[in-house]
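Reviewing the structure listed below.
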Amino acid sequence: MNSTRTGARTRLRRTAIAVAAAALLPFSLAACSESGGDAGAAPAAGSAQDQAAGSPAAADGAVTADGPFGPACAGVPKQGAGSFEGMAKDPVATAASNNPALSTLVAAVKKAGLVDTLNNAKDITVFAPTNDAFAKIPKAELDKVLADKATLTKILTYHVVDQKLTPRQLESGTFETLQKSELTTDGVGEEYKVNGTSNVVCGEVKTANAHVYIVDTVLMPK
């Protein structure tokens, strides 16, 4: 009799343990699943942050910070071939031809036969006088220069340096031009002068083969 009762109690304990284990098992699995989910979520968040840091938007921000500056930049077309984005796709003479403020310069470059020279050059800087800059020259004198190819070529090539110059380099610089004379630059931030008299009114304009600094006065070789 006692043996029978002992066996019954043993079976009851085993059954109770089995039921308790079955009841706890789902909770244990759920806890493991949540723990595993959290462990996987942390790297995903970190990955998203890493991607954001190197995303095109972040890169665009850097480009914008180092992009064109100066009061005359506001007059550059917002879209099309004459915009900053459009000019960046073309070599410098072609890019300038799409900017209405540089039409006199473009006409002079064509008269001097320098279109191909400028378009085929690599890594140059052009100090580009605006139409207003040319308008400062008395008309009779300007017409005379435009009619003299040798003199015109000398003046135009004086506006070109055989390297791409950054604003930092313009802070206090002396550079040899394609005309073989030197020009000087000075300034800081977004205000620069060339030869102490010509102001950069729109700087750091990039074309396919050049950096362009638009200036308000025509430079004359020394």
Side-chain angles (χ1 to χ4, degrees), residues 54-110 112 114-134 155-179 182-195 198-219:
S55 67
D60 287 346
V63 171
T64 301
D66 296 332
F69 62 85
C73 292
V76 174
K78 303 300 181 185
Q79 297 179 332
S83 66
F84 292 127
E85 183 179 358
M87 292 177 73
K89 299 176 182 178
D90 292 321
V92 64
T94 302
S97 70
N98 293 319
N99 189 322
L102 301 177
S103 59
T104 304
L105 172 63
V106 171
V109 167
K110 289 179 179 179
L114 293 174
V115 172
D116 290 340
T117 298
L118 294 178
N119 276 349
N120 294 328
K122 293 183 179 180
D123 299 334
I124 60 175
T125 293
V126 177
F127 294 94
T130 62
N131 295 343
D132 290 340
F134 280 100
I155 293 173
L156 293 176
T157 52
Y158 182 66
H159 289 73
V160 184
V161 174
D162 194 18
Q163 60 178 302
K164 287 183 177 179
L165 301 176
T166 65
R168 184 67 177 271
Q169 290 174 284
L170 300 186
E171 290 181 2
S172 180
T174 300
F175 308 100
E176 184 177 84
T177 68
L178 294 189
Q179 186 268 335
E182 293 181 340
L183 58 76
T184 61
T185 60
D186 65 272
V188 69
E190 296 186 356
E191 296 184 3
Y192 297 91
K193 287 183 178 291
V194 185
N195 288 348
S198 187
N199 298 295
V200 173
V201 293
C202 184
E204 193 69 351
V205 179
K206 296 178 181 179
T207 73
N209 67 328
H211 285 183
V212 177
Y213 293 88
I214 299 175
V215 294
D216 67 357
T217 304
V218 176
L219 307 174

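We use all heavy atoms of the structure for the numbers below, so side chains are in, but hydrogens, waters and symmetry mates are not. What you see is a predicted model; the values in this text were computed from it and never measured.
With a 4.5 Å cut-off on side-chain heavy atoms, Val92 and Ile124 count as touching. A 4.5 Å side-chain heavy-atom check between Leu178 and Val161 finds every atom pair outside the cut-off. Proximity of Thr117 to Leu114: side-chain heavy atoms (C-beta onward) are separated by under 4.5 Å at one or more points.
Annotation: the span from Cys202 atom SG to Asp216 atom CG amounts to 12.5 Å, rounded to 0.5 Å. Distance check: Asn98 CG to Thr207 OG1 gives 11.5 Å after rounding to the nearest 0.5 Å. Distance OH/Tyr192 to CG/Asp186: 10.0 Å, rounded to 0.5 Å. To the nearest 0.5 Å, the span separating CD on Glu182 from CZ on Phe175 amounts to 10.0 Å. Between His211 atom NE2 and Lys206 atom NZ the span is 5.0 Å, to the nearest 0.5 Å.
Qualifying salt bridge (charged side-chain N to carboxylate O under 4.0 Å, His left out) partners for Glu85, counting only residues two or more places apart in sequence or in other chains: none.
The backbone N or O of Leu170 sits less than 3.5 Å from a side-chain atom of Thr185, completing a donor-acceptor pair. Side chain of Thr104 to backbone of Asn131: no donor-acceptor contact under 3.5 angstrom is found. No donor-acceptor pair under 3.5 Å is formed between the side chain of Asn99 and the backbone N or O of Ala95. In this structure, Asn209 contributes its side chain and Leu118 its backbone to a donor-acceptor pair below 3.5 Å. The backbone N or O of Val188 lies less than 3.5 Å from no partner atom in the side chain of Glu191, so there is not a single donor-acceptor pair. In this structure a side-chain-to-backbone donor-acceptor pair under 3.5 Å is present from His159 to Leu219. Side-chain N or O atoms of Tyr213 include one that pairs as donor or acceptor with a backbone N or O of Leu165 at under 3.5 Å.
Closest non-hydrogen pair, Leu105 versus Ala128, comes out as CD2-CB, 3.6 Å. Annotation for Asn119 and Pro91: closest pair OD1-CB, 3.3 Å, computed over non-hydrogen atoms. Nearest heavy-atom pair, Val218 versus Pro129, reported as atom, atom and distance to 0.1 Å: CG2-CB, 3.9 Å.
No hydrogens or angles considered: a donor-acceptor pair under 3.5 Å links the side chains of Asn195 and Tyr158. Checked by atom type, the side-chain pair Lys193/Asn199 shows a donor-acceptor distance below 3.5 Å.
Looking at Val160, Leu183, Ile214 one by one, the single match for side-chain contact (heavy atoms from CB on, under 4.5 Å) with Phe127 turns out to be Leu183.
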Indicate every side-chain donor-acceptor pair of residues 73-84 with a distance under 3.5 Å to a residue at least two apart or in another chain.
residue	atom	partner	partner atom	Å
Ser83	OG	Gly80	O	2.6
Ser83	OG	Gly86	N	3.0

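Note on residues 159-177: pairs passing salt bridge (charged side-chain N to carboxylate O under 4.0 Å, His left out), not counting sequence neighbours, are Asp123-Lys164, Arg168-Glu171.
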